[in-house]
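Structure, as structure tokens:
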Amino acid sequence: MLHPRVRVTSSLAGRVAAPRLPPGDVRIGGFGGADGMAAWVREHAVDAVIDATHPFAETISFNAARAAATAHVPLLALRRPGWVPGEGDDWREVATLGEAARAVAGAGRVFLTTGRMGLAAFAGVDDAFFLVRSVDAPEPPFPPRMEVLLDRGPFTLEGEREILARYRIDVVVTKDSGGAATAPKLVAAREAGVPVVVVRRPAVPEGVPVAATVEAAVTWLEAAGLCPGPRSSIAGGA
């Protein structure tokens, strides 16, 4: 829970069939763009918007920035810190999924952990095998040589070691989502000497303040005078 004296409505994108629901009120589905979100914010007398989406959910983040500006409510982006390579890591950073696809062409056996929504970027790579891990089954377009592993984090280091060995993985592809839930694959790759193609996260919309933790978000709410409540805020998440 964000704060005991703040009424929180979490908005989920609806891209996962059976999402883990957070505490408080929950709505599922889109808003119809920035204007629709601004209308919803006004209709529900929202006092603040917290963009707690995945670091790669660019569209919703920019819609939230436009909606908050239109509705004249403060906006905060909640972003856990990105991963940092350590000693022994072999990381190849790229800016987009398209660059990642070009980086693994002909690379042998690829453990693709970027989720099912971006598989189209790899659909043209026919000279590599992809082990695709996702929560729900992907839909085409996707790589022609592919096996799907349906699973949901958090993942263990032992489990990631086993996957790399069993599938004889030559390279791992991941987005820099940060956090501990999916980080064990990076440790397993380091131990096995497997290179990792890391897609850098996009920037937060210009002018939007960023908090790295829930505690920092609460401090931001307190500084804005929004915690004496009861108040309303909306936290978006996929």
Where do L112 and L119 land on the side-chain contact (heavy atoms from CB on, under 4.5 Å) test, with the steps shown first?
CA-CA 9 Å; L112 186 57; L119 284 184; 3.4 Å; yes

Applying side-chain contact (heavy atoms from CB on, under 4.5 Å) between K175 and each of T113, V198, L97, report the one that passes.
L97

Residues two or more places apart in sequence or in another chain: which of them pass salt bridge (Lys or Arg N to Asp or Glu O under 4.0 Å) with D170?
none

Restricting to salt bridge (Lys or Arg N to Asp or Glu O under 4.0 Å), what partner residues turn up for R102, sequence neighbours left out?
none

Listed once per pair and sorted, the ring-ring contact (aromatic ring centres under 6.0 Å, His included) pairs that draw on residues 56-92, sequence neighbours left out
H54-F56

With a cut-off of 3.5 Å and sequence neighbours excluded, list every side-chain donor-acceptor pair involving residues 204-215.
from: T213; atom 1: OG1; to: A216; atom 2: N; distance (Å): 3.0

Hey, is D90 close enough to R190 for a salt bridge, meaning N to O under 4.0 Å?
no

F31 six-ring face occupied by R27 cation (under 6.0 Å, within 45°):
yes

Do [X] and [Y] have side chains that get closer than 4.5 Å, going by heavy atoms?
| X | Y | value |
| --- | --- | --- |
| F111 | V173 | no |
| R66 | M37 | no |
| R161 | E191 | yes |

Which pairs of donor and acceptor atoms, one on a side chain in residues 141-150, lie under 3.5 Å apart (sequence neighbours left out)?
from: E147; atom 1: OE2; to: Y167; atom 2: OH; distance (Å): 3.3

Salt bridge (charged side-chain N to carboxylate O under 4.0 Å, His left out) pairs touching residues 124-135, sequence neighbours excluded, are R133-E160

